[in-house]
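We number each residue from 1, following the sequence as shown. As the structure is a prediction and not an experimental result, all values here were calculated from the model. Both counts, for ligands and for their atoms, begin at 1 and track the order of listing.
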Amino acid sequence: MKFIPLNTDRIPAIGLGTYKINGPGASDIIKKAIGLGYRHIDTAQLYENEEAIGIALKGSGVPRDEIFLATKVWPSNLTEDRFLPSVKETLQKLNVDYVDMLLVHWPHHQMTPEGYIPILMDIQQQGLAKNIGVSNFNITQLKACLKTGAKITTNQVEFHPWINQTKLHNWMNGHGIALTAYCPLGKGRFMNDKKLDEISAKYLRTPAQIILRWMMQKENVIAIPKSTNLFRLEENISVFDFELRQEDMDAIDAWRLENIRIVGVQAGAKWDS
Ligand code: NDP
């Protein structure tokens, strides 16, 4: 496993995405993923699986401090009266005293970051979150966060070979903010791409492994692929025993498209403005 250094911590560069892993069987899948070696789990208040994750963590037998647990606060909870109570409820559901990463899931559509990032910092100071960050923030919004004095450790955004995040990624690298890639496999939509198949055949690796390896060779990139399938879970974490040659890194870089996004953004928000 590769680890990305954070503020005072380090984060496993491949984590388990858990959107839509809920309902009966969810905690079993997450427990099995931990058994396969996943040590970073990404959830959110929105995903309705925090209780299942809590059960999986306890049942896994892996000590709490060996798991990097990240969750996200939904925008409607970013107000002064709801932020802290919602985080306490989240911790209760997860059955933990703290999370390793607490993210603002989306920028609030009315309040600016100056309105809620200080509350996030306060929650960190209370010891309820070891690291803090944001998700779906563009450069302007990140600048507003940094003005509050917050140490933003990551911005979780859509990232895969078919979306151009170069400007945002470079800016974040310059400010010590790691990029956590959501939908790293493009929700599985690009798996039949002919160019990807060619590289995959060359390395005798699956298309998903090529994409994830490409990310692992980039600076300060964390990926959180989701799978409910045991074979694919194992496949997605087995990308540390081969290396893509620079010519193939460059070839994949060249696939990026402008204005392609699988997950919608709020009106007016652009990643790199
Ligand atoms: P992903 O890009 O991780 O793709 C998941 C899809 O790909 C599933 O259909 C899965 O099917 C399939 N898949 C997984 N592994 C493989 C493989 N090796 N080969 C072929 N297909 C595969 O999409 P997600 O939307 O789930 O994104 C990942 C995570 O990012 C989420 O689970 C969530 O934690 C986070 N996220 C955050 C957002 C935010 O706003 N911050 C927004 C969206 C996601 P199967 O399960 O059958 O294997």
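Side-chain N/O atoms of Lys72 and Tyr47 include a donor and acceptor closer than 3.5 Å. Side-chain atoms of Gln45 and Thr90 form a donor-acceptor pair, as typed in the model, at a separation below 3.5 Å. In this structure, a donor-acceptor pair under 3.5 Å is present between the side chains of Thr206 and Glu235. A donor and an acceptor atom, one from each side chain of Asp81 and Thr79, are located under 3.5 Å apart.
Against a heavy-atom cut-off of under 4.0 Å, His105 is close to the following atoms of ligand 1: 39 (C), 40 (O), 41 (N). Counting the atoms of ligand 1 from 1 in the order shown, those under 4.0 Å from a heavy atom of Tyr47 are 33 (C), 34 (O), 35 (C), 36 (N), 37 (C), 38 (C). For ligand 1 and Asp42, the ligand atoms under 4.0 Å from any heavy atom of the residue are 33 (C), 34 (O), 35 (C). Of all atoms in ligand 1, listed by their number and element, those nearer than 4.0 Å to a heavy atom of Arg232 are 15 (N), 16 (C), 17 (C), 18 (N), 19 (N), 20 (C), 21 (N), 22 (C), 45 (P), 47 (O), 48 (O). Those atoms of ligand 1 with a heavy atom of Ile224 less than 4.0 angstrom away are 28 (C), 29 (C), 30 (O), 35 (C). Against a heavy-atom cut-off of under 4.0 Å, Ala208 is close to the following atoms of ligand 1: 17 (C), 18 (N), 19 (N). In the vicinity of Lys72, heavy-atom distances shorter than 4.0 Å reach the ligand 1 atoms 41 (N). Taking every non-hydrogen atom of Glu235 and a distance limit under 4.0 Å, the qualifying atoms of ligand 1 come out as 17 (C), 18 (N), 19 (N).
The residue Ala44 has no part lying near ligand 1, judged by heavy-atom distances below 4.0 Å. With a 4.0 Å heavy-atom cut-off, ligand 1 is reached by the side chain of Asn236 but not by its N, CA, C or O.
Residue Pro225 has no nitrogen or oxygen atom sitting less than 3.5 Å from a nitrogen or oxygen atom of ligand 1, judged on distance alone. Considering backbone and side-chain N/O atoms, Tyr19 comes within less than 3.5 Å of an N/O atom of ligand 1. Remark: ligand 1 and Gln156 share an N or O pair separated by less than 3.5 Å (distance only, no angle test). Not one N or O of Met191 is nearer than 3.5 Å to an N or O of ligand 1, by distance alone.
With hydrogens and angles disregarded, no donor-acceptor distance shorter than 3.5 Å links the side chain of Asp42 to the backbone of Ile224.
Residue pairs that meet the salt bridge (charged side-chain N to carboxylate O under 4.0 Å, His left out) test with at least one member in residues 91-104, sequence neighbours left out, are Arg64-Asp100, Glu89-Lys93.
Of the candidates Thr71, Asn95, Asn22, Glu50 forms a side-chain hydrogen bond (donor to acceptor under 3.5 Å, both in side chains) with just one, namely Thr71.
The protein non-hydrogen atom at the shortest distance from atom 40 (O) of ligand 1 is Asn136 ND2, 2.9 Å.
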